[in-house]
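Notes to accompany the following structure.
The chains referred to below are lettered A, B, ... by the order of the sequence lines, with proteins before strands, and numbering in each begins at 1. Predicted model only: the values in this text are computed from it and were never measured.
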Amino acid sequence: MRTKVKERWARVGWLIPAFYILFLMVPIYWLLAMSLKTNAEITSGFTLWPKALTFANYHVIFSDPSWYSGYINSITYVVMNTVISLAVALPAAYAFSRYRFLGDKHLFFWLFTNRMAPPAIFALPFFQLYSAFHLIDTHIAVALAHCLFNVPLAVWILEGFMSGVPREIDETAYIDGYSFPRFFFKIFTPLIASGIGVTAFFCFMFSWVELLLASTLTTVNAKPIAAVMTRTVSAAGMDWGVLAAAGMLTIIPGAVVIWFVRNYIAKGFALGRV
Amino acid sequence: MKPWNNRAWFLVLPMLLLVAFSAVIPLMTVVNYSVQDTFGDNKFFWAGVEWFRKTLHSERFVSALIRNLIFSGIILAVEVPLGVLIALRMPKKGIGVPICLVLMSLPLLIPFNVVGTIWQVFGRNDIGLLGGTLKSLGFDYNYVSNPVHAWVTLIVMDVWHWTSLVVLLCYAGLASIPDAYYQAAQIDGASGWARFRYIQLPKLSRVLTIAVLLRFMDSFMIYTEPFVVTGGGPGNATTFLSIDLVKMATREFNLGGAAAMSLIYFLIILLVSWVFYTVMTRHED
C-alpha cells in the first residue's frame, strides 16, 4: 500500500518544480511579448502573443546613445567593482582561512554587518562623501560604493572555498622554498579557480541588480541602464514597448553568466559553506 | 588548529582600508547628523539624543517598522517551506539539473527595479496578463488603490524573486548527503517522512539558517521593488523602513530625523546579524 502511494508521489513529484518554473517564466514571457509588440497593440487590447511582430523597440535602444550608453555604464562599473572586490578579498580571505590573529573574529563579524547594512542608510552620506572627492557621476564612485556589500561577500565565499583546501599544501610548498606570492599565484590560485569564478559571478550579480546607490551617485555620464529605464515613465505617454525591451536586455547578461557557473551557484549562495 | 600569526594583518589591510572608506566614514556622517540640528546655512547645533527620542516615539517610524516586520514574517513563512519542498522534488541527475538551476536562478539576476517593472506591468488590469486575467474572471483587482491587493502583489513578487535562493541553498545541502545514508534508510524500511526528518532535515539545518537569515535581512531592507510597484502606497500601506528613510532624507531634508532612524534601523540589523553569526560559527572550530 505504502509503496503504491510512494510510486504515485514519485511520478507526480516533478510537477512541483515544473509549476514553479512556469510561475517564474510567465511574467518574464509577458515582458518579452510586450517588447515585441507595438505600443498600439499593447494598449488596445489583450493579445497573448505579438500579432504584429516588431523589433522597433529594440531598434530604438540600440540606435539612441542615451539608451545604450546606460548598458555600457552599468557594465563598466560592474566590472570595475568585481576586479576591485576580488583584488582586496583574495589576500584577506587567505588570512582568515589560514591564520588566527588579533581581533580576527571581530573583524570578520564587522565585515559581515556591512553585507547586512541597508543601502538606504548609506545613500545620503555616500552622496556627500563622493561629492567631497568630486567623484559624483563617475563609474569608479559606483564601483567603490558597491564594495560596501561585495567585498564582505567576496571574503566570505572565498574563505569558504579556501578552507576546503588542506593546509598541508601550503606547508609543503613553503618547505619546497616557494615564497608567499609565488605560492599564492602559482599553486593556490589554480586550486580555488572555481571559487574565484563563483565569487566574481556573485560580485557581478549584486552590483548589477543594485540600483539605489547606483542611481544616487550618478546623474548623466555614468547612469546605469536600470535608472535610464525610468525615463519612459515620465515621458509624455508611456512607451511600454521600449520599457519592456530595455527590461529584457537587462536580463540577458545575467542569463549568460549564470550558464557558466550553474554547477557552483548553490555553493556560492551558501557563502561557500554547505 | 590554525597557527597564530599577527602578520596576517598585512593581508587584511587593503580590504580593511577599502571597506572603512565605504562604510565607516559614511556611518560617522550619519552619527554626526543624528546628534545635531540645523536651521539651514550649514549651521549645526548640538541636539543630544533628541532625534532618537522623537524617532522612537513617532507613530510614523513605529508603523513602518511593524509593517516591515509583518512583511518579513510573511515572506519567511511562504518562501522557506516552499523552497524546501521544491528542492526535495528537484531532479537529482541528468539534463534536468542544469536546466532547473539556470531557469530558477534567472529572477535573482534581474535588476531590482526591473523586477518591480515586470510586476507593475504584469499586475496592471489594462495591459498586464495577471491583472487582465483577474479582471476578466470578475475580480476587482487593483494594486494601486486597494492596500490588500498591493500587499498581495508585493508578496507574490518577492516569492517570485527570491524563493529560488532558498531552493538553491537547500538543493546544495541535499546534494551533500552521501547515497549510503539513503541506502541505510531503505534497509531499515524508513518511511518518506522519517527519511526527511532524520536524514535530510539535519543536513539542511545549516543552509536553512543561512536562507532564513539572508531572506530576513534582505526583506527587512527592501526598497526598490515596492518603490517601483506601489511607491509606498496606497496611502502609506506599503511604506517600509527603507522607503520611509529615503523619503525623509532626500525629499523632506530631515537630516537629523533620517540619521537617527538610520542608526536605530542599523542597530536592529546588527542585533540580528550577531545572532546569525553566532549560530553560523558555533559548529566551526
Side-chain angles (χ1 to χ4, degrees), chain A residues 6 13-14 16-17 20-21 24 27 30-31 42-43 46 88-89 91-92 94-95 98-102 109 112-114 116-118 120-126 128-129 144-145 147-148 151 155 205 208-209 211-212 226 240 243 247 250-251 254-255 258-259 262 265-267 269-271 274, chain B residues 2-6 8-9 11-12 14-15 18-19 22-23 25-26 29-30 85-86 89-90 98 100-103 105-107 109-114 117-119 122 127 129 132 160 165 168-169 171-173 176 192 207 210 217 221 223-224 242 245-246 249 262 265-266 269-270 273 277:
Chain A
K6 216 190 260 172
W14 62 271
I16 296 172
Y20 176 65
I21 288 176
L24 295 184
W30 193 245
L31 192 74
I42 292 170
T43 48
F46 219 68
V88 298
Y94 182 79
R98 289 301 191 255
Y99 300 110
R100 302 201 57 215
F101 49 94
L102 192 66
F109 174 65
F112 181 63
T113 61
N114 288 315
M116 297 305 176
I121 290 181
F122 290 96
L124 182 69
F126 268 174
Q128 295 179 327
L129 176 67
L144 285 174
C147 284
L148 174 70
V151 167
V155 173
M205 161 182 163
W208 180 256
V209 297
L211 189 77
L212 176 57
W240 292 112
L243 180 75
T250 65
I251 299 179
I258 222 167
W259 181 255
R262 60 188 180 280
I265 305 169
K267 196 174 179 204
F269 273 117
L271 301 170
V274 177
Chain B
K2 291 184 240 180
W4 186 276
N5 188 344
N6 271 329
W9 264 101
L11 296 173
V12 182
M15 181 276 296
L18 181 69
V19 180
S22 60
I25 298 176
T29 327
V30 178
L85 182 68
I86 295 166
R89 291 289 148 205
M90 259 175 73
C100 276
L101 287 177
V102 170
L103 288 181
S105 318
L106 205 54
L109 277 131
I110 302 176
F112 293 168
N113 75 321
V114 178
T117 307
I118 289 176
W119 280 86
F122 194 58
I127 59 167
L129 185 61
W160 180 84
L165 175 69
L168 290 174
L169 284 170
Y171 179 77
S176 73
V207 281
I210 299 176
M217 304 288 179
M221 54 184 164
Y223 173 82
T224 313
S242 282
L245 179 60
V246 172
S262 297
Y265 194 1
F266 192 58
I269 297 267
L270 207 62
S273 303
Y277 185 76

- What option among B:Val246, B:Ile118, B:Val30 has the most heavy-atom pairs under 4.5 Å with chain A? B:Ile118
- Relative to chain A, which segment of B:Pro3 carries a heavy atom at a distance below 4.5 Å: side chain, backbone, both, or neither? both
- Query: Top residue by heavy-atom pair count (under 4.5 Å) with chain A, among B:Asn5, B:Val114, B:Thr29, B:Asn6?
  - Reply: B:Asn5
- Query: B:Val19 versus A:Asn114: any side-chain heavy-atom pair under 4.5 Å?
  - Reply: yes
- Query: Which heavy atom in A:Ile121 sits nearest to a heavy atom in B:Ser262, and how many Å separate them?
  - Reply: CD1-O, 3.3 Å
- Proximal component of B:Leu18, with respect to chain A [non-hydrogen, under 4.5 Å]: side chain
- Please report the closest heavy-atom contact between A:Phe101 and B:Val12, naming both atoms and the distance. CZ-CG2, 3.7 Å
- A:Ala123 versus chain B, heavy atoms under 4.5 Å apart: side chain, backbone, both or neither? neither
- Heavy-atom contact with chain B under 4.5 Å, split by part of A:Leu24: both
- Per-residue contact mode, A:Trp30 against chain B (heavy atom under 4.5 angstrom): side chain
- In Å and rounded to the nearest 0.5 Å, what is the OH to CH2 distance from A:Tyr99 to B:Trp9? 16.0 Å
- Note on the structure: So, the part of B:Leu103 with a heavy atom under 4.5 Å from chain A: the answer is both
- Distance, nearest 0.5 Å, that separates CZ of B:Phe266 from OG1 of A:Thr113: 4.5 Å
- If every non-hydrogen atom of A:Pro27 is compared with every non-hydrogen atom of B:Trp119, which pair is closest and at what distance? CG-CZ2, 3.7 Å
- Of A:Phe109, A:Tyr94, A:Phe122, the largest count of non-hydrogen pairs under 4.5 angstrom with chain B goes to A:Phe109
- Message: How long is the straight-line distance from CG of B:Leu106 back to CD1 of A:Ile251, given to the nearest 0.5 Å?
- Response: 6.0 Å
- Message: Quick check for you: to the nearest 0.5 Å, what is the distance between A:Leu211 atom CG and B:Thr224 atom OG1?
- Response: 5.5 Å
- Message: Nearest 0.5 Å, please: how far is OH in A:Tyr20 from CH2 in B:Trp160?
- Response: 9.5 Å
- Can you tell which part of B:Leu245 gets under 4.5 Å to a heavy atom of chain A, answering side chain, backbone, both or neither? side chain
- Note on the structure: In terms of heavy-atom contacts, A:Val151 and B:Met15 come closest through CG1-CG, 3.5 Å
- Query: Do B:Ser22 and A:Leu144 have side chains that get closer than 4.5 Å, going by heavy atoms?
  - Reply: no
- Task: Please determine, among A:Leu31, A:Leu212, A:Val155, the option with the most heavy-atom pairs under 4.5 Å with chain B.
- Result: A:Leu212
- Message: Need one label for B:Ile25: side chain, backbone, both or neither, based on atoms under 4.5 Å from any heavy atom in chain A.
- Response: side chain
- Message: Evaluate B:Leu109 against A:Ile258 for side-chain contact (heavy atoms from CB on, under 4.5 Å), listing each step before the verdict.
- Response: CA-CA 8 Å; B:Leu109 277 131; A:Ile258 222 167; 2.9 Å; yes
- Query: If you count heavy-atom pairs under 4.5 Å with chain A, which of B:Met90, B:Met221, B:Lys2 comes out on top?
  - Reply: B:Lys2
- Query: Pick from B:Gly132, B:Ala8, B:Pro98: which one has the most heavy-atom pairs with chain A under 4.5 Å?
  - Reply: B:Ala8
- Task: Please determine, among A:Pro118, A:Ala92, A:Ala95, the option with the most heavy-atom pairs under 4.5 Å with chain B.
- Result: A:Pro118
- With a 4.5 angstrom heavy-atom cut-off, which part of A:Ile21 approaches chain B: side chain, backbone, both or neither? side chain
- Item | Gap separating the CZ atom of A:Phe112 from the CE atom of B:Met217, nearest 0.5 angstrom | 5.5 Å
